[in-house]
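Below: one structure, written as structure tokens.
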Amino acid sequence: MKFSEKEMKEILSQHIQISDTVNSRLDDTYKMLRSEQRQNGRIPRRRKSSYIAAAIAMAACLAVPGAVYAASNLDFFEAMFGNSTKKSTPVIETEVDTGKTNEDGTPKTSPFTIPSHEFVSVDPKQAQELTGGGCMSEPVEKQLGDHTLCVENMVYDQNGAVAVFTLERPGGVTMLLGNADTNVRKGAYFSEDRNYDFSFGTTSDIFAGCNIYVDTEKSTPDKMYCTAYLLWAEILPEGVFPQLSITKYPGSVKDISIKEDGMTDEEWLQKTDEFYAQAETEEITLTDKPRIPVQTIDQGQNGCITYSPISIGVDMSKGLGLSEEDAYDLINNNMLEIKYKDGTSYIVMDTGNHIENNGYVLGGVSETWTMTAFNRIVDINEIQEIVVNGATFPVE
């Protein structure tokens, strides 16, 4: 799923009249917050090397016997990549509120097309073989106030990762909001009325863009079952591992999300800065196992692609006739197809035909790379060629 900076700003500025001064500060400040970074589909050119919340010591996590956990890993591959509970959806024609009003005072809407999404079955044993058996030795369970978060499993490569987790609260989950509608739009999102955040990142200063799919068939009001499609903001070097970050705020985020009546922009920004400065962040390394290897198609200036069973990265500045500036813009990433040796194909994305069979798309990685998380396991041994925006790249 793609998100522009305009969409990001609209999300961050709900219910607020924004001046130019605040606009500028929002660009710099909110991009630093890991809790919001998952919503942006493109990496800002001006990277930040530090975050508002200070990291504190790594915490102990809940462990189960390794042999028992390893035996249950096959179930996790079905949860990550299968279609037993994830439902395919057709193209949906709908209307969106433009934020403007008609002459009669009614909301002004605009036609909007939601692409189709297809999930396919998975062979858990094949998935285990292709990914090297997963990367977590045991689940990680943490208490976030009255919510319980459990990261059950994750697989990752240099482009991104796929993780499955649950979020539970007696009386109903309130921290994370998601349903069938968010699954086909922008993914699950955090409630304003929360005192905690959690996000996925790495053991270095590389954050992860994220789209969260909620399994509406398995989930109950008290427990959400989720798949997180993750893409790293930079190509992940060796020796850097996925981690979970948990942030505890001094109060509800809702308290600082809306500027109070009579408060100046500067006063509101000061209050916001003070709020986040008091936040405490706990960082937990999820695994130290090696990442899934990627394969490379390197034709120099004629094209460069990296791919694995869970993701693909394309340097949009090579072999596609795009300038570096155009390569940075996701609007120019409009078609991606994997063709197999048996004549079948996996259309990962085709904007012209409103097809979006991916978990997440992140542009601007290392400036011109676009990363895509697959919504299924890809048998890389059976790929014949990869097609990007009509350009064909044979796999040799």
Side-chain angles (χ1 to χ4, degrees), residues 1-4 6-7 10-11 38-39 41 77-98 107-123 127 160 162 164 176-189 209-220 224-231 309-312 330-340 342-363 370-379 386-390:
M1 295 183 178
K2 301 180 182 180
F3 306 103
S4 66
K6 179 180 179 182
E7 288 174 315
E10 288 173 351
I11 293 169
R38 70 174 187 85
Q39 308 227 34
F77 286 114
E78 171 60 42
M80 286 182 183
F81 304 109
N83 67 345
S84 61
T85 56
K86 292 180 179 176
K87 301 305 179 185
S88 300
T89 55
V91 174
I92 300 172
E93 300 292 347
T94 185
E95 299 279 332
V96 294
D97 192 338
T98 64
K108 187 174 184 178
T109 61
S110 177
F112 183 73
T113 301
I114 298 176
S116 65
H117 300 78
E118 180 188 32
F119 295 95
V120 299
S121 60
V122 63
D123 180 341
V162 183
V164 286
L176 190 67
L177 304 176
N179 51 35
D181 187 56
T182 63
N183 285 342
V184 298
R185 292 177 182 262
K186 298 180 179 180
Y189 58 95
C210 178
N211 176 53
I212 297 176
Y213 180 98
V214 178
D215 189 326
T216 57
E217 186 165 314
K218 293 174 64 176
S219 296
T220 67
M224 294 177 70
Y225 289 81
C226 304
T227 301
Y229 298 98
L230 311 167
L231 293 167
I310 68 169
S311 75
I312 186 169
L330 272 176
I331 197 173
N332 295 308
N333 176 42
N334 50 57
M335 196 275 179
L336 176 61
E337 180 180 11
I338 294 175
K339 294 187 176 181
Y340 296 106
D342 64 1
T344 61
S345 72
Y346 165 28
I347 300 178
V348 185
M349 177 179 60
D350 184 345
T351 57
N353 290 303
H354 307 297
I355 298 172
E356 197 168 272
N357 297 325
N358 57 69
Y360 188 53
V361 180
L362 188 67
T370 290
M371 303 301 182
T372 302
F374 298 141
N375 70 350
R376 64 196 67 179
I377 278 287
V378 171
D379 188 345
I386 297 172
V387 182
V388 183
N389 288 2

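Positions are given from 1 along the sequence.
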Any idea which heavy atoms bring [X] and [Y] closest together, and the distance?
| X | Y | answer |
| --- | --- | --- |
| Asn83 | Ser121 | OD1-CA, 3.3 Å |
| Glu118 | Asn375 | O-ND2, 2.8 Å |
| Thr98 | Ser110 | CG2-CB, 3.7 Å |
| Val387 | Lys339 | CG2-CE, 4.1 Å |
| Val361 | Leu330 | CG1-CD2, 3.7 Å |
| Gly178 | Ala188 | CA-CB, 4.0 Å |

Residue pair Thr94, Arg185: steps toward the side-chain contact (heavy atoms from CB on, under 4.5 Å) verdict: CA-CA 12 Å; Thr94 185; Arg185 292 177 182 262; 3.9 Å; yes
Can you list the steps and then say if Asn333 with Met349 is a side-chain contact (heavy atoms from CB on, under 4.5 Å)? CA-CA 9 Å; Asn333 176 42; Met349 177 179 60; 3.2 Å; yes
Residues Asp350, Glu337; criterion side-chain contact (heavy atoms from CB on, under 4.5 Å); working and verdict: CA-CA 8 Å; Asp350 184 345; Glu337 180 180 11; over 6 Å; no
Nearest 0.5 Å, please: how far is [atom2] in [Y] from [atom1] in [X]?
| X | Y | atom1 | atom2 | answer |
| --- | --- | --- | --- | --- |
| Asp181 | Lys186 | CG | NZ | 11.0 Å |
| Phe112 | Ile92 | CZ | CD1 | 10.0 Å |
| Ile312 | Ile338 | CD1 | CD1 | 5.0 Å |
| Ile377 | Asp123 | CD1 | CG | 10.0 Å |
| Asn358 | Arg376 | CG | CZ | 9.5 Å |
| Met80 | Tyr229 | CE | OH | 10.0 Å |

Report yes or no: does [X] contribute a side-chain atom to a donor-acceptor pair with the main-chain N or O of [Y] at less than 3.5 Å?
| X | Y | result |
| --- | --- | --- |
| Asn179 | Thr182 | yes |
| Asn389 | Asn334 | yes |
| Asn211 | Gly359 | yes |
| Ser116 | Thr89 | no |
| Glu356 | Val348 | no |
| Asp215 | Glu217 | yes |
| Asn357 | Ile347 | yes |
| Ser219 | Tyr225 | yes |

Identify which one of Ile114, Asn353, Ile355, Thr113 satisfies the side-chain contact (heavy atoms from CB on, under 4.5 Å) criterion when paired with Val91. Thr113
Between [Y] and [X], is there a side-chain heavy-atom distance shorter than 4.5 Å?
| X | Y | value |
| --- | --- | --- |
| Glu95 | Pro111 | yes |
| Ser84 | Glu78 | yes |
| Leu176 | Cys226 | yes |
| Met335 | Val388 | no |

Run Thr227 and Lys86 through side-chain contact (heavy atoms from CB on, under 4.5 Å) and show every step you take. CA-CA 10 Å; Thr227 301; Lys86 292 180 179 176; 3.1 Å; yes
Centroid separation under 6.0 Å, is that true for the rings of Tyr346 and Phe374?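 Yes, the ring of Phe374 comes within the 6.0 Å limit of the ring of Tyr346, centre to centre.
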Does the ring of Phe119 carry Lys87 above it, NZ/CZ under 6.0 angstrom from centre and within 45° of its axis?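 No; the conditions do not both hold, so Lys87 does not lie above the ring face of Phe119.
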